[in-house]
Amino acid sequence: MKTVLATGGLILNEPLLWEKGKRGRRGMDVPASDVPAAKIDPEFMGVGPDFPDLSEVDIVRHYTRLSQWNFGVDTGMYPLGSCTMKYNPKINDKIAATPEIAASHPMLPDRLCQGTLKIMYELQGYLATITGLDAVSLQPAAGAHGELTGMLIFSAYHKGRGAARTKILIPDTAHGTNPASAALCGLHPVPVQSGPDGILDPEVIARLMDQETAGIMVTNPNTLGLFEENIKEVSRIVHAGGGLVYGDGANMNAIMGVADLKKCGLDIVHLNLHKTFSTPHGGGGPGAGPVCVVDHLKKYLPVPRVVKDDKGYRLEYNRPDSVGRVHAFHGNFGILIRAYSYIRCMGAENLKKASQLAVLNANYIKEKLKGDLHLPYDRPCMHECVFSDQKQHEFKVSTLDMAKRLMDFGYHPPTIYFPLVVSGAIMIEPTETESKDDLDLFIEAFKEIVREARENPEILHEAPHLCKVKRLDETAAARHPCLTG
Amino acid sequence: MRYLPHTSEEIETMLRVVGVDSLNDLFSSVPEACRRDGEMDLPLPMTEWELNDHVRGLAALMDIKPDYKVLIGAGSYDHHIPAIIPALTSRSEFLTAYTPYQPEMAQGTLQGIFEYQTLTARLLGMDVANASIYDGASALAEALLMGIRISKKRKKVAISSAVHPHYRQVARTYFRPTEFELLELPVLENGRTDLSGLAGLGELAAVAIQSPNFFGVIEDLPAAAGAIHSRDAVFITCFTEPLAYGLLKNPGSCGADIVCGEGQSFGIPRSFGGPGLGMFACLEQYVRSMPGRLIGQTTDLEGRRGFVLTLSTREQHIRREKATSNICTNQGLCAMTVGMYMAALGGTGIRELARLNYDKAEYFKAGLVKAGAKICFDSPTFNEFVVEFAENFKPVAKRLLKKKIVAGLDLGGYYPNLKEKYLFCVTETVSREIIDTLVAEVKK
Amino acid sequence: MKEINELNLPEGLHYTKDHEWVRVDGDTAIVGISDYAQDQLGDIVYVEMPEVGNEFSQGEEFGTLESVKAVSETYLPLSGEIVEVNEALADAPELVNKDPYENWLVRIKPADLSELSALLSVDEYLDLLNG
């Protein structure tokens, strides 16, 4: 028998915070008061929140046990398609914790914060270089926030030309955030069907583009992992109709050093620093979603912007055409500095290499698994490949079953049931930081699961077997929501 | 490069499997016209120790060193962060996980956020809290939009001018492309929001008030609730300093329908303003209109307790353009951090700490008054307050900076009528000695 | 999921292409979703209802049904005013999965019964499902 990564281990139970502790314990020191007690009007006094009292050891054990129920990139391969779970270098966390920077207050005069402003200014420049666009705002706190900023620019641009437009083209392969972001700006999404080869057909765009349409939101490479080969023509058509082209740069990690997004015809692009630039996802955030634009849209970028003049770096507030502020301060600076650190460690050559190896890894998996899993679009892919469960239907085994079974082999499952254009989608994004050895183990595990699906489907239906919990009842959770304890 | 594990032999082998000759050939689907003209013009790669040196140089450009005392809050507060917080949040099982889409492999994050939701709801006196929004400002913008959804056809919202100026700017940004109208309510002489204008407003969906407000003033929330509910509008309260609720009545007990704000105070470093934490809570009856992720308790196939993402049909990945918000990635790890901090403080600790912050501010105010300064608003405040000095404060501030004290935020840039009035903040990190030093400089 | 020949599609109801049904009952009519619709949605976790007194025109959205991972709008088969909503579904939305005909969604006062002619018979509805 071969050694499988995953094995059963000692996992400890741990109650909820308020199920432990004793009144009067403390988990952190409160300094003794060195000032007299002041009077307070009892009218405003509350009774204080009902928090449990826990000791420092209680807290440390609690969260250490909880952490052991989790799986991160540091634990193992996490091929969650579209989410780019690449290794998060430790040096970046150390840099972000630099005391002068971690303790810096966001509302002090510019002259007192030249270090943080310089980091932002330089990062803006790097991101412009990497995308090929001209100007950057670092304020948006995540990808969807960047999309919203982009749509605000769409709206301001068309209003500035004296004609508000009401519709926006969104391909059927788009992330759900795209239509939701557009809708926040009063734009009505018009779905665009991708062609039989999984990419946009310029003729379809030409048919849909009209004077009411503000533009298009394109993810490139798209969520099927395919480069939009007609992007230049698509952009030309949209521009000719007076529209703008938005690029969801969630998948920029595939094309660094290869594609020039301005040459592709894109006017606005957001980047997910927590994807392409390796900042940790933190179990759902914080991320950062900087927005890059071409020169003529620069005036719309959120206020303030970091600029440089002969006196040094400063925040520029006088921007009458700006869409306004989108973050309370300067964005998720602690994430920005990690991405800065990553880019400085990698340099141009290694960023390009990262893209090349991400694409190599995805194509390698695609070639190795396409005999076992149905591959709806059999073309060279970029950083991810999308299979489906079609071949397993006859054994009554679904994508969900295979995904859950992968856990028993020590892998986080891929993204499943997305993109929606592939029924039963299995979207695998290995990223460049997985070695060939690790890919081979993963491929072998998946092949074994496909064998099991044929010979012993029950073991899949009941998977996972080795996790702390079995499959959870999501229906009961939604029917009778219990959101607090 | 140390993050890229492939050897050249492995690359050759893999290229053969894929059926192409070189790494460049993998990009045959990228048309020539879309390709870069040259290599990216970026600085050369650095080793770890080169980067350390480089960042030491950047840190040296920061004039405010860690041993300085910054007596400015204004939405970003200096509180002690116990060592257990960074130690536990840097557990890489938390740090390097994605959103908990596969609950069997993410029970740690899920239980941790469920606990955060619970403690947040208890702190704010609300029924439910979500798993977070980006920051206090976007939380407020989302709350106003939620108010519009709840009221169905009404198109107007009002927001107090005493809400953090940046939060109001963000709300305006969110509202600009919509058909909805965002009005601002003036501030009274006593530093509280003037609600008398509400009576004349029709079509009012929601009203938002911050307490303690930007001036540190504790608003009369029960009275506001009465005025707002009598217009049949949704009552939103907002905050930048959640520690206040360790001492003050929570917004829920004062009649709030939605409570939102910034959680940075609870264990998150200031870090030039981000990442922070948008805290967001509401009454149970409004939960389906709420933006953002929610964690719910359930059981597994064997009846054991477990946690899952739930009520997802409100969210963008299912409801797309009809979703309650476009938010996807939130501030997950910051929510964990704040959960840990609330647990570490405990019910006893939060009361003591809040009391200490209150007492220090009162001591500071009294000292300044004795030194000839005037406290601008006579309403009670928490750990921030606005001061007007008898003489030009700028030279004093300069002298204090030499003593490593950064004193007061000039409000002129935010409120033209408050030019050369200064917003001060003291927390438990400011000793009596520092306060006395500052007061002595003012007296000079 | 059920095969089409496993579906329960009673005679005597009028179906819509959006998978609702309507049955005229005196001067009111009751509206629900078909067995096909409940089967496609899976476990229903929430039913969003209109308020009594609301008026809708034929084909207008009057509510939504939610399963764990999908949402489906419901459209009124006939123009009319809502006179009653099935309160039992608030606490037990799963009743719709158990029997989508016994557990109707709303009772309406139809404005114009001639609109029935635009709806589908069982056979026509089956044809639609068979594509």
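Order of the sequence lines sets the chain letters (A, B, ...), proteins ahead of strands, with each chain counted from 1. Please read all numbers here as calculations on a predicted model, not as lab measurements.
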If you take the centroid of each ring, where Trp contributes its six-membered ring, are A:His145 and B:Tyr134 closer together than 6.0 Å?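 Ring centres of A:His145 and B:Tyr134 closer than 6.0 Å.
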
Keeping [X] on the side-chain end and [Y] on the backbone end, is there a donor-acceptor pair under 3.5 Å?
X        : Y        : result
B:Arg122 : A:Pro49  : no
B:Arg304 : A:Val469 : no
B:Asn326 : A:Ala180 : no
A:Arg325 : B:Gln169 : no
B:Thr298 : A:Ala476 : no
B:Arg432 : A:Asp34  : yes
B:Thr118 : A:Gly485 : yes
A:Glu100 : B:Ala59  : no
A:Lys263 : B:Arg35  : yes
B:His166 : A:His327 : no

Under 30°, 30 to 60°, or over 60°: which ring-plane class applies to B:Tyr98 and A:His281, parallel, tilted or perpendicular?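 Ring orientation, 0 to 90° scale: tilted.
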
Classify the ring geometry between B:Phe94 and A:Tyr63 as parallel (under 30°), tilted (30 to 60°) or perpendicular (over 60°).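 Rings of B:Phe94 and A:Tyr63: perpendicular, over 60°.
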
Measure distances from [X] to the heavy atoms of chain A and classify the residue's part below 4.5 Å as side chain, backbone, both or neither.
X        : value
B:Pro43  : both
B:Ile350 : side chain
B:Val308 : side chain
B:Ser312 : neither
B:Leu356 : side chain
B:Leu88  : side chain
B:Tyr167 : side chain
B:Asp78  : neither

Could you walk me through whether B:Asp300 and A:Asp473 pass the side chain to side chain contact (heavy atoms under 4.5 Å, CB included) check? CA-CA 6 Å; B:Asp300 77 355; A:Asp473 189 345; over 6 Å; no

Hey, which of [options] has the most heavy atom pairs under 4.5 Å with chain B?
options                                : value
A:Ala141, A:Ala97, A:Cys345            : A:Cys345
A:Gly186, A:Pro302, A:Cys185, A:Pro481 : A:Cys185
A:Asn332, A:Asp260, A:Val359           : A:Asn332
A:Gly72, A:Gly331, A:Pro36             : A:Gly72
A:Ala478, A:Cys83, A:Gly143            : A:Cys83
A:Glu56, A:Arg25, A:Glu474, A:His412   : A:His412

Nearest 0.5 Å please: distance from the [atom1] atom of [X] over to the [atom2] atom of [Y].
X        : Y        : atom1 : atom2 : answer
B:Leu4   : A:Tyr87  : CG    : OH    : 12.0 Å
A:Leu357 : B:Leu26  : CG    : CG    : 9.0 Å
A:Thr433 : B:Met1   : OG1   : CE    : 11.5 Å
B:Glu10  : A:Leu360 : CD    : CG    : 10.0 Å
B:Leu294 : A:Thr484 : CG    : OG1   : 10.5 Å
B:Phe307 : A:Trp69  : CZ    : CH2   : 8.0 Å

Between [X] and chain B, which part of the residue has a heavy atom less than 4.5 Å away: side chain, backbone, both or neither?
X        : result
A:Ser33  : both
A:Met151 : neither
A:Thr116 : both

Salt bridge flag under 4.0 Å for residues [X] and [Y]:
X        : Y        : value
A:Lys404 : B:Glu104 : yes
B:Glu362 : A:Lys39  : no
B:Glu39  : A:Lys352 : yes

Please name the pair of heavy atoms, one in [X] and one in [Y], separated by the smallest distance, quoted to 0.1 Å.
X        : Y        : result
B:Ser29  : A:Glu229 : O-CG, 3.1 Å
A:Leu483 : B:Val287 : CD1-CG2, 3.7 Å
A:Gly176 : B:Gln316 : C-OE1, 3.2 Å
B:Cys328 : A:Thr177 : CB-CG2, 3.7 Å
A:Gly46  : B:Arg351 : O-NH2, 2.9 Å
A:Tyr78  : B:Thr96  : CE1-O, 4.2 Å

Among side-chain atoms of [X] and [Y], is any donor-acceptor pair under 3.5 angstrom?
X        : Y        : value
B:Thr109 : A:Asn70  : yes
B:His6   : A:Asn361 : yes
B:Thr348 : A:Asp53  : yes
B:Glu115 : A:His62  : yes

Pick from B:Asp37, B:Ile113, B:Val20: which one has the most heavy-atom pairs with chain A under 4.5 Å?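 With the most close heavy-atom pairs to chain A, the winner is B:Asp37.
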
